Structures are given as C-alpha cells and as structure tokens.
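Can you keep this structure in mind? I'll have questions shortly.
These figures come from a predicted structure and were not determined experimentally. One-based numbering, in listed order, for ligands and for the atoms of each.
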Amino acid sequence: MLKIAVCVSGGGTNLQAIIDGIKYEMITNTEISVVISNHLDAYALVRADDNKIPAVCISPDDYETREAFHEAFLEALDFYGVDLVVLAGFLVVLPPQIISKYKNRIINIHPSLIPSFCGKGYYGIKVHEAVLERGVKITGATVHFVDEGTDTGPIILQQAVKVEQGDTPERLQRRVMEEAEWKILPKAIHLIANGRVAVFDKTVMIEE
Ligand code: GRF
C-alpha cells in the first residue's frame, strides 16, 4: 500500500479527485496518510475532515526560521510514514534537502503543458492569463516529479485541453482542471502505486 501525503494551499479540488479516485478504485493500492496545508482556512482541510483523513496545518508563518518549518514538514512525513508526496496546488517551495531526501517521490500537478507557461511566477490563475495573452490554441496540464528546479522535473503524464474563443482565465482554469488535472493526477498516483513508473534521468517510462 502506497502511503501518500497530499499537500494543499487552497480549495483542494485535486485532493477531492484523489479521494474519489481511491473510493471508486481508479486509484488502487493507495492510502492518503495525511493532508498537509499551509493555510488553516484552506477548504481542502474540510474535505480531509469530511473523509476522516488526518490533516495538519504546517505553515512557514508559524516558525521562526524557514529551517524550522522544513524540519516540521519532514517530521510530519516521517510520522505518517509517507512514501509519496503529492503537491496538489501547494504554494510553498520545498528546499533541496527535502527534494533530495524524497528523490522521485514527490510529484506536482502544473496547469499547463510543460515546458510552456511554467517556471518562476507561473502558478494558479497567472498561468491561464499568460496562455490567453499569448493566444495559444492548446494548453493542458502536466504531472511531473519534483526536482531542484521550478517545474523542471521528469514529466509523468500530460493532457491537452483546447483553448476556446471567449475563454476567460477563470473559465479556462476550470476546464483545465476538469479535463486534465483531475484525470492525470489520480492516474499518475495509480501508476506509481502499482509499480508502473520508472525514471531514467529526465525520462519517465510507463508500463501500460
Ligand atoms: C490547480 O490548478 C493546480 O494545478 C495549481 O493550483 C490549483 C489547485 O487547485 N497548482 P485545487 O486546490 O486542487 O482546487
């Protein structure tokens, strides 16, 4: 059984997709051991509570130093025996020490087709604003392993989504979630939990 920590900062619709994926067996061999939020008022914590999943709030604001926050974060992962860390809209940057300790055991969902519209400054609604501003016709989402860079780790799954005329950033964000994020994040977890994902440097091989 793969024990996962789902890290969130906001609404937690991706967390909900994972909860539902486990419930309806699209994700097998997986248990959410803990939900970690950096905001006490994140709606994701209500979703965890509703589903009787342990949840903790660990925020950099509550620690005197960034190091103390990192230590608390690592302690929580240890305490809950986490095998895989899932960043599902988690707006806190993890330091190289955590990333190297959990090498190829941290995944992230990004709301664009990497390497487009990613990297520093591209998060949340900003991604969709930039997509519309540039006028691209296809966008999407990417699940990738997290390495020391920003959105630079090995790509696991991608799903394309059409940009439609008249899209607003909010409308596009919602469609990217519905058509891409909520599908590929649960799928990536399922594949990892069933030993079907192997990483060779920057390349991910998936056993179909
Ligand atoms: C998603 O768009 C995700 O790709 C981005 O943050 C958003 C999180 O949404 N990194 P939610 O909290 O899962 O609803």
Side-chain angles (χ1 to χ4, degrees), residues 4-23 26-27 30 32 34-51 53 55-60 84-94 99 106-133 136 138-147 149-164 167-190:
I4 67 172
V6 184
C7 302
V8 295
S9 295
T13 60
N14 279 287
L15 167 66
Q16 190 66 52
I18 298 167
I19 292 170
D20 293 344
I22 292 173
K23 192 162 154 195
M26 272 98 72
I27 305 174
T30 301
I32 304 176
V34 62
V35 169
I36 300 175
S37 170
N38 65 318
H39 288 137
L40 204 48
D41 57 0
Y43 188 68
L45 290 176
V46 176
R47 295 182 196 270
D49 201 45
D50 285 351
N51 289 279
I53 298 166
V56 291
C57 178
I58 307 175
S59 167
L84 179 75
V85 179
V86 179
L87 306 182
F90 191 54
L91 296 176
V92 178
V93 176
L94 297 177
I99 291 164
I106 307 177
I107 64 172
N108 180 50
I109 178 81
H110 181 77
S112 77
L113 293 175
I114 291 174
S116 291
F117 305 104
C118 65
K120 220 163 172 256
Y122 285 103
Y123 60 89
I125 198 76
K126 289 177 192 286
V127 175
H128 308 287
E129 285 167 356
V131 163
L132 291 177
E133 208 170 292
V136 298
I138 305 277
T139 182
T142 303
V143 184
H144 63 93
F145 285 108
V146 174
D147 68 5
T150 308
D151 302 327
T152 53
I155 291 171
I156 306 166
L157 293 174
Q158 293 188 298
Q159 175 68 51
V161 173
K162 271 190 188 163
V163 178
E164 284 171 11
D167 264 346
T168 59
E170 291 74 17
R171 238 178 83 170
L172 184 58
Q173 180 181 47
R174 180 75 192 180
R175 216 168 51 256
V176 167
M177 284 177 159
E178 283 173 0
E179 293 181 13
E181 296 182 38
W182 302 342
K183 293 183 177 162
I184 60 174
L185 185 58
K187 186 172 177 190
I189 295 167
H190 174 73

Is a side-chain N or O of H39 found less than 3.5 angstrom from the main chain of S9, in a donor-acceptor match? yes
Taking both backbone and side-chain atoms of N14, is any N or O found less than 3.5 Å from an N or O belonging to ligand 1? yes
Less than 4.5 Å apart, any side-chain heavy atom of V146 and any of I107? no
Which residue supplies the protein heavy atom nearest to atom 14 (O) of ligand 1, what is that atom called, and how far is it? T13 OG1, 2.6 Å
Taking 4.0 Å as the limit for heavy-atom contacts, which would you say applies to M177 with ligand 1: side chain only, backbone only, both, or neither? side chain
How long is the gap from CZ on R47 to CG on N14, to the nearest 0.5 Å? 9.5 Å
Sub-4.0 Å heavy-atom approach of G12 to ligand 1: yes
Of A141, G10, S9, G89, the one whose closest heavy atom lies nearest atom 6 (O) of ligand 1 is G89
With a 4.0 Å cut-off on heavy atoms, is I109 touching ligand 1? yes
Check whether any side-chain heavy atom of V86 sits under 4.5 Å from a side-chain heavy atom of L15, and report yes or no. no
Counting each atom of ligand 1 from 1 as listed, which ones have a heavy atom of P111 under 4.0 Å away? 4 (O)
What residue and atom, counting heavy atoms only, is the protein's closest point to atom 1 (C) of ligand 1, and at what distance? E181 OE1, 3.0 Å
Taking atom CD1 of I18 and atom CD1 of I4, what is their separation to the nearest 0.5 Å? 5.0 Å
Test S116 against V136 for side chain to side chain contact (heavy atoms under 4.5 Å, CB included), laying out the working first. CA-CA 10 Å; S116 291; V136 298; over 6 Å; no
